[in-house]
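Worth knowing before you read on, the calculation uses all heavy atoms, side chains too, and leaves out hydrogens, waters and symmetry mates.
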Amino acid sequence: MPWSLGDIIGCVIDLDNGKMAFYRNGVSLGEAFNCVRMGPGFAYFPAVSLAFSENLIANFGARPFRYQVPGYQPLQSVPELEVMKCQRLLCWMEKVVLQFLENKLDSDASAFPLSEKNVLLVAAPVIRELGPLLVSPYVVEACLLSFIYRLAKNGQDKLFALLDILWTLLEPEEMEQFLEHLFYALVSAYRFSPVSLEFSQQKQALSLILAILHHQTTRQYLLGSSLFDKIKLPLIFDTRQLDNRILEETFCGVQFSFTEQSTTDDIVNSGPFKDVFLKIQEHLSELEKLQLDILDLLLDSQNINQDNNCNENFLRKFHDFVKENTNKSKFPPAQSCHSSVNLGFFHRLVTLLRRGDVKQDMYVPLRFFCSHNKPYSHTQRAGGLISYLTKSFAEELKERESTSDFRHSSGSRSFDLQLLSNLDHRPIHDNIASLLDGIVRLYHYSAHRQLEKLYSIKEKMQEYMNVLTEVRKLVSNADEDARDLLVQTCKVYQEKLQELAYQLGWLSAAVLSWEREMDVFWLLYMLLQTLEQASKAGVLFAFVPDFYIEACINTSKALVSVFSSTSQCRYPGYMETLTRFGTFLAEHFADKRIVNADLKDLLIETLASYVCNRVTLRALESIPVESCLTMVSSLLQPYENRAWAQSNWILVRIWKGCGYAFRYTVPSYFAQTFGPRYHLTLEKNSAINQEPCPSVFFQQMVTEWLLQNQQAAAAFLSSVLSQLNWAFSEFIGMLQELQNASLRPERVFVDSRQLKICATCFNLTLGLLRLLEMVVHSASALFTDWTRPSAEVLLSSLCQLICQILNRMSSRSGCFEVVVNLEVRGLEAVHHFPIITAVVGILVSLILESPKESSQLALNVLLSEPSFQLHSFDAILGASVSTESNTSNLNLAKYTEVTLTELSQASQLMAMLTSTYQQKASEASQEIEEEYLCTICYASPKSTVFQPCGHQSCRACISHHLLHHKECFFCKVVITKVTTNDGTVLHESREDTKES
């Protein structure tokens, strides 16, 4: 049975019989060893093996055992005499406390001081004997804890009287050690006591902690010394998970069933499970109320915007704790808390601050980021290191220091935390800003990782459900021997699923509940406020720490992915906040103020994931028009001298679902070739393998931008074609290496990195083709309207690439066919189908769906391409309508993704190509003499003249050349003008135009 956080593992050794055994929470795990060697020369020492960042508390008898095993003694002897003496003294002390309290309540004002002194005189000898005992942790936990429980049972008066007496008569060192031992015992009682559904022992410990902290002198001392340092206070804000045995009892009689289409969310939201969730949440709410009361008392939240020792002590200790638990070093401090503790602490802090209002206008002001004195002064900023930023923007900082937002607001004006709804015109107090900053760091560096880790249980359960569904399908077709084995396998999976369902039930009630979702939503709202306010400051936005932007991204991901989808959109402000975050992404993923390369990659990856989800895509479509234009303009910048892959995936994702046979999530050929489970190995993050989620809105935005910005559109499309040529060439080069390796007689091992690069180049090629399909479909004039300066060159380059790709695809003995038939692990996605359908989609949009003149122009350019081979097109398009049984990978008719309408379009396309090709062949009665051929391509006649040198070439070659160069092919003289043979000006340099 696996252990979990908070478990107590006991180890006993029987030196009489040479046996050793282990216990988990008092339950024996069985005999571990029965041949322990003893005698002279043998000694045994306690030892433990820990994983990275794990820690434990070892108790050899310094404190009472939580689960004492009969017949065994601790390594450290029990101080029995001290325990008996303390118990006798406490009996006397209880009478003293009662007398002290009675005199305090009944005596008149004049007699009270005398009565108090008399009681203290009586108590002094008792305290003199009791004081040395209170520094013993064993005595405090064995005697004092139960005594204090008894005093506080009927109210706080007796407890306060005891504390007053102890503060008066004990030596300071004794009192300090006593309080440390007492609180350590209370925290241990909360963390390690047996957990029941009612959490009775945990509630008892929290109630006593709360009662002690209400004593002002004790609270001030603990805040100033022990809490967070020697005593890890956040431990009491984490709720320990119920044991599997208790979960089984709680869910007794609740069985879950699922179908092939069921998800974990369907199980969570089923009626029987929901009833149990509500029962668990009812008991958890009582426990959480005590935790919030303790935190509220320590934080003094009603006066957090005022300067007092309580606030300052708590915030100072809180930030020390956050710094210790958000250490990014390879070896974190040994005293750091587990991430589940930090997650619970985060939720209690946020719940206390939001007070039920998730849209309070809180944010961290920009001045908080521009100071060297803050706890993260060495943290990487969005614009670089703070030392560089301070020097670069010294003048801007001086100018902003005079504004109200940059003035130190401590003590400037007092306002209640509940009324923080109009902070646009009032300063943020430093205490609030400091607390918010600590919450952000706590979530980003620790709590979010724990949230994702817990959510992985849902993913694991979904995988088990998928596997069990597949095994059940195999049972019906299996023989008798295999059927018995499969039935037994189903039973094992069913038991594991039942266990995971119990854990998921607990997580849904305690961690993934609606209230916890509100905490994360509040944090996202606050982070957006912070980033939006900072962005208004112009260049000073560069001072924002990078983890603020990362935390904003993580909270949005948590809301969309981690929490149940059924809770989305059911509370006000959800879609508005997602829209605000979408606006931030659209405006800042290419923001020049952000220079951190990793952060820029993260922003564009987040934007890419934003267009894959229907809910977030709808939010992104609702952002302001100006933000949309900024986003589209940034995405359509030339793919040169920048990372363009993610930008391309975003454009492909808004097109997927509208392209030719481009509606699949996992292509059918993959399951047919590699079996039903191999689709799990596909890259889930690949744009090509995402569920279709097209956006007609953004397609129109892209079309309008390309048509309205001729020069920028030409530069963009030219870069896309260049990158397509590079990606496909690299891909084919790697396939040739694989083909050569497969033909060698000896066994050859291929580096997995090479396979990954090959698959990446294939995906890049496919993505670029699909992008071109979208552009040709939406804005074909960019290629076919030759009144545009670059249209002819773009169309020629596009046709050239299409012919080269189809020639490679259709070759039966080529490297592509050979490697696909090898079925290499790591290249599962490499196949004819996605490439062929993308190319056919481009041709259909270019030739069939364009106006007649544009269609004929495209046909002429395609057929005039020197690398055009009709049999390559016929091998693909002709096979699509073949009536014969064709199992070739080139046959479009064999793929379920291709509709009858699309097959008909392929047939029409092939018919047009064939007829036009035959017509051109009959018209070409004479061959062009070699001296009149273009000496660059040797495919077209010379039709242009360069000025001033007078050299000649065909129109296509010089048009393509002038996109990147200004010199003549032959003499390297700068070309000032290009004319046709009849004198029509095709190109004239701007410098020459200005002079004339």
Exercise. Backbone N or O of L870 within a donor-acceptor pair of the D874 side chain at under 3.5 Å?
Worked result: no

For this session: For G659 and E902, work out which heavy atoms get closest and say how close.
Result: O-OE2, 4.1 Å

Exercise. Looking at side-chain heavy atoms only, is the closest gap between I604 and W644 below 4.5 Å?
Worked result: no

For this session: Compute the ring centroids of F728 and F762, then answer whether they are less than 6.0 Å apart.
Result: no

For this session: Ignoring hydrogens and angles, tell me if any N or O in the side chain of T616 forms a donor-acceptor pair with the backbone of N613 under 3.5 Å.
Result: yes

Problem set entry | S609 (side chain) donor-acceptor with T606 (main chain) under 3.5 angstrom | yes

Exercise. Going from CD1 on I802 to OG on S797, what distance comes out if it is rounded to the nearest 0.5 angstrom?
Worked result: 11.0 Å

Exercise. C612 versus C693: any side-chain heavy-atom pair under 4.5 Å?
Worked result: no

Exercise. What is the minimum heavy-atom distance between P834 and L766, and which atoms define it?
Worked result: O-CD1, 3.3 Å

For this session: Any chance you could measure L585, atom CG, to L620, atom CG, to the nearest 0.5 Å?
Result: 7.5 Å

For this session: Report the relative orientation of the aromatic rings in Y895 and H831; use parallel for angles under 30°, tilted for 30 to 60°, perpendicular for over 60°.
Result: perpendicular

Problem set entry | Sequence-distant partners of Q908, side-chain hydrogen bond (donor to acceptor under 3.5 Å, both in side chains), two or more places apart | S904

For this session: Locate the shortest heavy-atom distance separating R614 from E691; write the atom from each residue and the value.
Result: NH2-OE2, 4.0 Å

Seminar exercise, completed: Which of F783, W655, F662, Y660 passes ring pair (Phe, Tyr, Trp, His ring centres under 6.0 Å) with H777? It is W655

For this session: Take the angle between the ring planes of Y664 and F833 and call it parallel below 30°, perpendicular above 60°, tilted in between.
Result: tilted

For this session: Please answer whether the main-chain N or O of P638 pairs with a side-chain N or O of R642 as donor and acceptor at a distance below 3.5 Å.
Result: yes

Problem set entry | Any donor-acceptor pair under 3.5 Å from S719 side chain to Y639 backbone | yes

Exercise. Is the F970 to H951 ring centre distance short of 6.0 Å?
Worked result: yes

Exercise. Counting N and O atoms only, with roles assigned by atom type, does the side chain of S742 sit under 3.5 Å from a partner on the main chain of Q739, one being a donor and the other an acceptor?
Worked result: yes

Exercise. Are the side chain of N725 and the backbone of L721 linked by a donor-acceptor contact shorter than 3.5 Å?
Worked result: no

Problem set entry | Shortest non-hydrogen contact from F946 toward S953 | CZ-OG, 3.3 Å

Exercise. Is there a donor in the side chain of S872 and an acceptor in the side chain of N807, or the other way round, less than 3.5 Å apart?
Worked result: yes

Exercise. Counting distance only, does the side-chain N/O of S907 pair as donor-acceptor with the main-chain N or O of L903 below 3.5 Å?
Worked result: no

Problem set entry | Plane angle bin for Y917 and F868 - parallel if under 30°, tilted between 30 and 60°, otherwise perpendicular | tilted

For this session: Can you measure from NZ (K894) to OG1 (T896) and round to the nearest 0.5 angstrom?
Result: 11.0 Å

Exercise. Does any non-hydrogen side-chain atom of V978 lie less than 4.5 Å from one of V945?
Worked result: no

Exercise. Is there side-chain contact between M912 and S855, with heavy atoms separated by less than 4.5 Å?
Worked result: yes

Exercise. Between CG of L794 and CZ of R788, what distance do you get to the nearest 0.5 Å?
Worked result: 10.5 Å

For this session: Apply the side chain to side chain contact (heavy atoms under 4.5 Å, CB included) test between R770 and each candidate in N648, V652, I842; give the one that qualifies.
Result: V652

Problem set entry | Nearest atoms (heavy-atom pairs only) where T837 meets A661 | CG2-CB, 3.9 Å

Exercise. What are the two closest non-hydrogen atoms of A858 and L795, and how far apart are they?
Worked result: CA-CD2, 4.1 Å

For this session: Test side-chain hydrogen bond (donor to acceptor under 3.5 Å, both in side chains) on E988 and Q947 and set out the steps.
Result: CA-CA 9 Å; E988 191 169 5; Q947 299 294 339; over 6 Å; no

Exercise. Are any of the side-chain heavy atoms of L651 and I654 separated by less than 4.5 Å?
Worked result: yes

Exercise. Looking at side-chain heavy atoms only, is the closest gap between Q637 and F716 below 4.5 Å?
Worked result: no

For this session: Applying side chain to side chain contact (heavy atoms under 4.5 Å, CB included), name anything that partners T984, two or more places apart in sequence or on another chain.
Result: T980, D982

Problem set entry | Check: E773 and V776 side chains under 4.5 Å, non-hydrogen atoms | no

Exercise. What's the spacing between K756 NZ and L827 CG if we round to 0.5 Å?
Worked result: 13.0 Å

For this session: Give, for atom OG of S796 and atom CD of E865, the distance between the pair rounded to the nearest 0.5 Å.
Result: 8.0 Å

Exercise. Is the shortest heavy-atom distance from the side chain of E626 to the side chain of E587 under 4.5 Å?
Worked result: no

